[in-house]
Amino acid sequence: MSARVLVGVKRVIDYAVKIRVKPDRTGVVTDGVKHSMNPFCEIAVEEAVKLKEKKLVKEVVAVSCGPQQVQETIRTALAMGADRGIHVEVSGKDYETLGPLQVSKILAALAKKEQADLIILGKQAIDDDCNQTGQMTAALLDWPQRSPEDGTFASEVNIEADKLKVVREIDGGLETIKINLPAVVTADLRLNTPRYATLPNIMKAKKKKIANVKPADLGVDVSSRLEVLKVDEPPQRQAGVKVETVHDLVGKLKEAGRI
Amino acid sequence: MAALFKARRALGMVVGHGVRCLSQLAELPELHQMMRQTCRDYAQKELAPIAAQLDKDHRFPAKQVQELGAMGVMAVEVPESLGGAGMDYLAYCLAVEELSRGCASTGVIVSVNNSLYLGPILKFGTEEQKKQWITPFTTGEKVGCFALSEPGNGSDAGAASTLAQREGDEWVLNGTKAWITNCWDASATVVFATTDKSLKHKGISAFLVPMPHPGLSLGKKEDKLGIRASSTANIILEDCRIPLGNMLGERGMGFKIAMQTLDSGRLGIAAQALGIAQAALDCAADYAHKRTAFGAPIGKLQAIQFKLADMALATESARLLTWRAAMLRDAKKPFTKEAAMAKLAASEAATFVSHQAIQVLGGMGYVTDMPAERHYRDARITEIYEGTSEIQRLVIANNILKEYQQ
């Protein structure tokens with residue numbers, strides 16, 4: 001049992017905040033807005049810490065890419081039980097255009113450098129909803145990738161004799177899947193309930209190390225292949241129309257060209 | 001030259017760890033910010049949704065108290081060696097405020113356990129007493145309470161008439177204590193009794209009594225206006241026998257223990273009052289955005305704006321007083337006057353803000369559909385317990401007069 005787990009954590013606008021589009025329509029307002037750890041990433045951290053508590057892994061390393069502020073997010077992961085952190089410095093224009101492709105290249109490079117046996121990521125981030133980083137990282141490393149959720153209830157994730165064992169609920173009962181390590185796992189909502197950091201752990205987190213690296217040190221080019229043309233508010237929801245009978249409903253749908 | 005030296009020292013204070021200074025009033029240290037955020041998240045997700053029901057049912061939040069114990073919040077200042085979180089008093093005040101913002105009753109349960117029960121034992125207990133009476137009360141499994149007031153005396157603490165008589169190798173306690181917070185859910189209490197009434201306040205001593213215990217019974221749960229999830233009742237002592245080793249501190253030290261405990265305890269209550277005020281302000285400000293009248297959200301009306309400004313001002317001022325008093329205490333400086341000012345300001349802010357919040361909500365503020373009426377009811381007690389506003393004014397005045405002693 002000497003496995004090392006890499007957990008990716010992303011700093012995103014807090015889920016409860018009302019998002020506003022910038023007046024120049026190049027993005028959303030982030031200045032002065034409350035940010036926190038992506039909820040799917042919290043679940044990833046919780047799963048990693050649980051594996052460590054079950055003594056199935058030796059070390060949990062939390063990684064985040066971004067400017068100085070992402071250190072808060074890494075510290076939150078440390079307060080939940082991660083052992084150390086890695087801050088990959090990306091700022092300014094590079095940070096604005098940072099997407100799953102660049103992040104997965106960074107994670108793949110770090111996984112090799114840190115000799116990680118397992119990467120646990122959130123299934124997707126609540127800001128871009130890409131749901132790509134896990135899959136891309138696995139592809140770059142040529143590792144198997146699995147979401148223990150896959151749309152159903154996952155009961156547990158375990159490591160047995162160098163294989164990752166995932167148990168999940170399916171309609172007929174329980175399904176057990178074994179995949180070879182090293183592997184990438186993406187966490188969905190129902191995998192676990194993330195813990196609240198305890199006060200003693202918050203104090204301990206202060207002493208844990210966060211290493212700084214630059215993407216160039218890892219041989220990764222963070223320039224984007226995508227260009228955002230414009231960002232708009234979703235269309236205003238129009239009032240509906242009430243009809244009396246099913247006949248009327250079908251009539252109206254035909255009128256609107258929907259059927 | 002001397003001025004340069006002073007400036008450099010001041011800079012050193014700003015840069016050095018653990019030294020509290022005014023610059024920290026501008027922004028809290030990272031540790032405290034993380035801790036505050038954790039408590040805020042917990043309060044929002046676990047306390048706020050159940051607070052109204054806890055209030056209706058008069059129910060002790062046992063599960064939440066256990067969870068808070070696991071987080072270390074039931075024993076913030078207790079050193080890790082005894083099972084606590086080993087943090088400072090400023091951290092404790094932040095925790096109580098954030099929790100009270102979700103549920104004021106939970107806030108006072110946490111405060112009483114930390115300040116009034118664990119506080120005096122931590123300060124005046126022997127090593128043996130600390131192990132026995134502190135460690136089991138850090139996890140949230142057990143909570144403690146503090147029995148000073150009696151039916152015949154509240155503010156006049158020195159006139160305690162509960163008797164403690166020595167019989168062989170036991171103390172025998174007789175009397176009645178009133179208004180004891182947490183008592184129906186507690187597993188131990190710090191009781192103040194007099195061994196010699198003629199010595200007046202110098203005859204009072206402090207004792208540790210487990211609960212339940214033969215000779216100790218509880219009166220009926222008081223039906224209170226607010227903080228209804230926390231139990232309040234009389235503790236009746238009838239030939240309650242405890243070992244000699246259960247005396248806390250020296251004989252005759254009881255009054256001093258009580259007063260010093262309350263000095264710190266009132267910061268916990270100040271923090272609770274701040275939480276209530278903040279919750280009421282949150283409610284009012286949110287409503288001001290949503291409610292429209294005369295063709296626009298009421299937040300556009302100056303009458304409402306002035307109210308919100310005054311509410312925020314009262315809360316923020318009291319908060320800074322509370323933080324400063326906590327920082328002085330952490331720096332082991334005298335803080336009695338500042339603590340009294342904090343408690344007075346915060347409790348009066350809580351009643352003012354919750355009163356105005358109902359006004360902003362109009363009719364909605366008067367019904368249980370909105371939390372404003374609960375904040376109003378919860379706020380009222382903060383001006384009374386752990387030293388009435390009148391007593392706080394006396395404490396402040398006495399300190400001021402001492403400063404200006406002729």
Side-chain angles (χ1 to χ4, degrees), chain A residues 9 11-20 32-43 45-46 49-50 53 62 64 67-82 85 87 126 189-190 192-210, chain B residues 17-18 27-49 63-64 66-96 98-99 102 110 114 138-140 282 286 289-290:
Chain A
V9 295
R11 181 174 182 264
V12 297
I13 296 180
D14 187 84
Y15 76 91
V17 168
K18 182 159 194 277
I19 308 293
R20 265 170 242 290
V33 168
K34 181 169 182 229
H35 285 67
S36 41
M37 191 190 289
N38 181 36
F40 292 91
C41 298
E42 282 182 352
I43 295 169
V45 174
E46 174 66 23
V49 173
K50 273 166 72 171
E53 285 171 346
S64 194
Q68 189 60 23
Q69 292 93 310
V70 306
Q71 294 219 358
E72 284 166 26
T73 314
I74 301 176
R75 284 236 184 267
T76 307
L78 296 175
M80 283 173 73
H87 171 203
I126 59 171
L189 286 178
R190 282 162 295 199
N192 61 47
T193 308
R195 64 194 59 193
Y196 291 100
T198 66
L199 267 45
N201 277 344
I202 292 176
M203 299 228 322
K204 286 193 191 111
K206 204 169 175 178
K207 299 192 190 109
K208 294 178 181 172
K209 287 203 184 339
I210 300 180
Chain B
H17 308 295
E27 205 180 72
L28 293 168
E30 195 195 348
L31 202 67
H32 292 73
Q33 283 188 39
M34 282 181 74
M35 194 238 131
R36 192 183 195 194
Q37 192 60 47
T38 301
C39 291
R40 186 173 295 184
D41 288 340
Y42 186 85
Q44 249 174 28
K45 290 192 192 123
E46 311 286 342
L47 295 177
K63 174 166 175 272
Q64 287 69 27
Q66 289 213 0
E67 287 170 354
L68 289 168
M71 282 164 70
V73 173
M74 293 305 284
V76 180
E77 229 195 352
V78 172
E80 282 193 71
S81 54
L82 288 168
M87 294 185 84
D88 59 18
Y89 219 66
L90 178 61
Y92 161 67
C93 289
L94 292 167
V96 174
E98 293 302 331
L99 294 175
V110 171
N114 270 281
T138 59
T139 59
D282 293 343
D286 185 65
H289 270 305
K290 296 188 173 136

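The sequence lines fix the lettering, A, B, ..., with proteins before strands; numbering per chain opens at 1.
- Contact count versus chain A (heavy atoms, under 4.5 Å) is highest, among E80(B), E67(B), E46(B), for E46(B).
- The two atoms that bring K206(A) and L31(B) nearest to each other are CD-CD1, 3.9 Å, heavy atoms only.
- With a threshold of 4.5 angstrom between heavy atoms, Q37(B) approaches chain A through side-chain atoms but not through N, CA, C or O.
- Within 6.0 Å of NZ in K63(B) there are 12 or fewer heavy atoms belonging to other residues, nucleotides or ligands.
- When each of A85(B), G72(B), G86(B) is scored by its heavy-atom pairs under 4.5 Å with chain A, the top score falls to A85(B).
- Taking all atoms of both residues into account, the shortest heavy-atom contact from M34(B) to A79(A) is CE-CB, 3.7 Å.
- For K207(A), the NZ atom counts as loosely surrounded, since its 6.0 Å shell holds 12 or fewer non-hydrogen atoms of other residues, nucleotides or ligands.
- Looking at Q33(B), there are no atoms closer than 4.5 Å to chain A (heavy atoms on both sides), in backbone or side chain.
- Against chain B, the residues from residues 193-202 of chain A that qualify, each with a non-hydrogen atom under 4.5 angstrom away, are Y196(A), A197(A), T198(A), L199(A), P200(A), I202(A) in number order.
- The CD atom of E30(B) lies 7.0 Å from the CD atom of E72(A); values are rounded to the nearest 0.5 Å.
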